[in-house]
*Asks:* 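The structure follows.
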Amino acid sequence: MLLKSKQSYDLTEAAVTDEAVFYNRRRLLQQMGFLGAGSLLASSASAGLLDFFSSGDKPAGPQFQQAPLTSIRSPYSTAETMTAESKATGHNNFYEFGLGKDDPKANAQGFKVNPWQLTVSGAVNKPLQLDYDALFAPELEERIYRLRCVEAWSMVIPWVGYPLATLLRQAEPTSAARYVAFQTLHDPAQMPGQGNRFLGGGIRYPYIEGLRLDEAMHPLTFLAVGVYGKTLPPQNGAPVRLVVPWKYGFKSIKSIVGIKLVEREPATTWNISAPNEYGFYANVNPQVDHPRWSQASERRITRGGLGSDERIPTQMFNGYGEAVADLYAGMNLRKYF
Ligand code: MTE
């Protein structure tokens, strides 16, 4: 994600620059003492904070423990080559833990996910309060989905979870419910990016997202509690995150504590930060470029490493058009980007 402001919270360099060049430059900046989080030139941040986020030379602390999950196969899965687990769990966007792609993995290993409380509230007949164990109660499916980041890279990831509609139906939305608003945990003590505008990229926290109710009820819209056959690691949004495969990745909000059914279109984090760059809908669309880069193609990350990534054409709705195009019949997708 990239903000246009003079503060240059520039994370898309990796997307538009060859990865090796990007990492070399990053290392160089780190050696020069400039680089704290990702490519953020936070010269005014304190040395202590920079230390926290410069993952490269950090001693390895206790690793987060993932548990195995049993799931059934889903007909909604793609047969495309899956991204290596080490890439999907090591190249992340989770600004609460830092702006660099390897910061979330390096900085989130101590994140506490149990106990957890997820509430489903608002315009519903039966509000829900789910504790950690309840998150895993519905029948679990494996869904192998394409994930297309707005920064023009993509992966193919085997999520484990269940349709969001499963929870929403239990809560019984009332006739007043037209949208669904989502919120990430707000805990600056655990998520240092939330407490410091340099480390957290200057966006407003907690991270919030939203969908129209029909989008939220769509069978492809998924609540993931696992990935690669195990519970989610923190860097991927443990213990529960959204996955909306036909939209840019920033819609897929991580570490959710609140789901609220509402009447009006909810505010969303990236739309608040840069409304001309990140729309509410954020449907993957190769014909509608980001104001500062093309969305016509993407870098598919499979194994990672030099020469292994491929540049491929981006598909309308990330290839899920047959299933979701009807949701937008008659809408001007340039206006509602
Ligand atoms: N959710 C929260 N709370 N904070 C974030 O910074 N980043 C988003 C999304 N969800 C983000 C978030 C973006 S930009 C992307 S591309 C995806 O998470 C990345 O998911 P992944 O790291 O599991 O691939």
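Every value quoted in this text rests on a predicted model; they were computed, and no experiment measured them. Note: hydrogens, waters and symmetry copies are ignored here, and every other heavy atom, side chains too, is used. Starting from 1, each residue takes its place in the sequence as its number. Remember, it's 1-based here, ligands and their atoms both numbered in the order they're listed.
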*Asks:* Please list all pairs meeting side-chain hydrogen bond (donor to acceptor under 3.5 Å, both in side chains) that have one or both residues in residues 209-231, counting only residues at least two apart or in different chains.
*Replies:*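 Listed once each, the pairs are Glu85-Lys230, Glu209-Lys251, Arg212-Asp214, Arg212-Tyr281, Glu215-Lys247, Glu215-Tyr328.
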*Asks:* Any side-chain to backbone donor/acceptor pair from Lys254 onto Asn93? Under 3.5 Å, distance only.
*Replies:*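 Indeed, once roles are kept as given, a pair shorter than 3.5 Å links the two residues.
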*Asks:* Ion pair present between Glu298 and Arg148, side-chain N to carboxylate O less than 4.0 angstrom?
*Replies:*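 Yes, this pair counts.
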*Asks:* Output yes when a side-chain donor or acceptor of Glu263 lies under 3.5 Å from a complementary backbone atom of Ala123, and no otherwise.
*Replies:*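 Absent.
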*Asks:* Can you pull the residues with any heavy atom under 4.0 Å from ligand 1?
*Replies:*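 Protein residues near ligand 1 are Met1, Asn92, Asn93, Phe94, Tyr95, Glu96, Leu147, Cys149, Trp159, Thr184, Tyr207, Asn236, Arg241, Gly249, Phe250, Ser252, Ile253, Lys254.
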*Asks:* Counting the benzene-type ring for Trp, do Phe280 and Tyr336 have ring centres under 6.0 Å apart?
*Replies:*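 No.
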*Asks:* Give me the one residue out of Asn285, Asn283, Asn318 that meets side chain to side chain donor-acceptor pair (under 3.5 Å) with Trp246.
*Replies:*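 Result: among Asn285, Asn283, Asn318, Asn283 is the only option passing the side chain to side chain donor-acceptor pair (under 3.5 Å) with Trp246.
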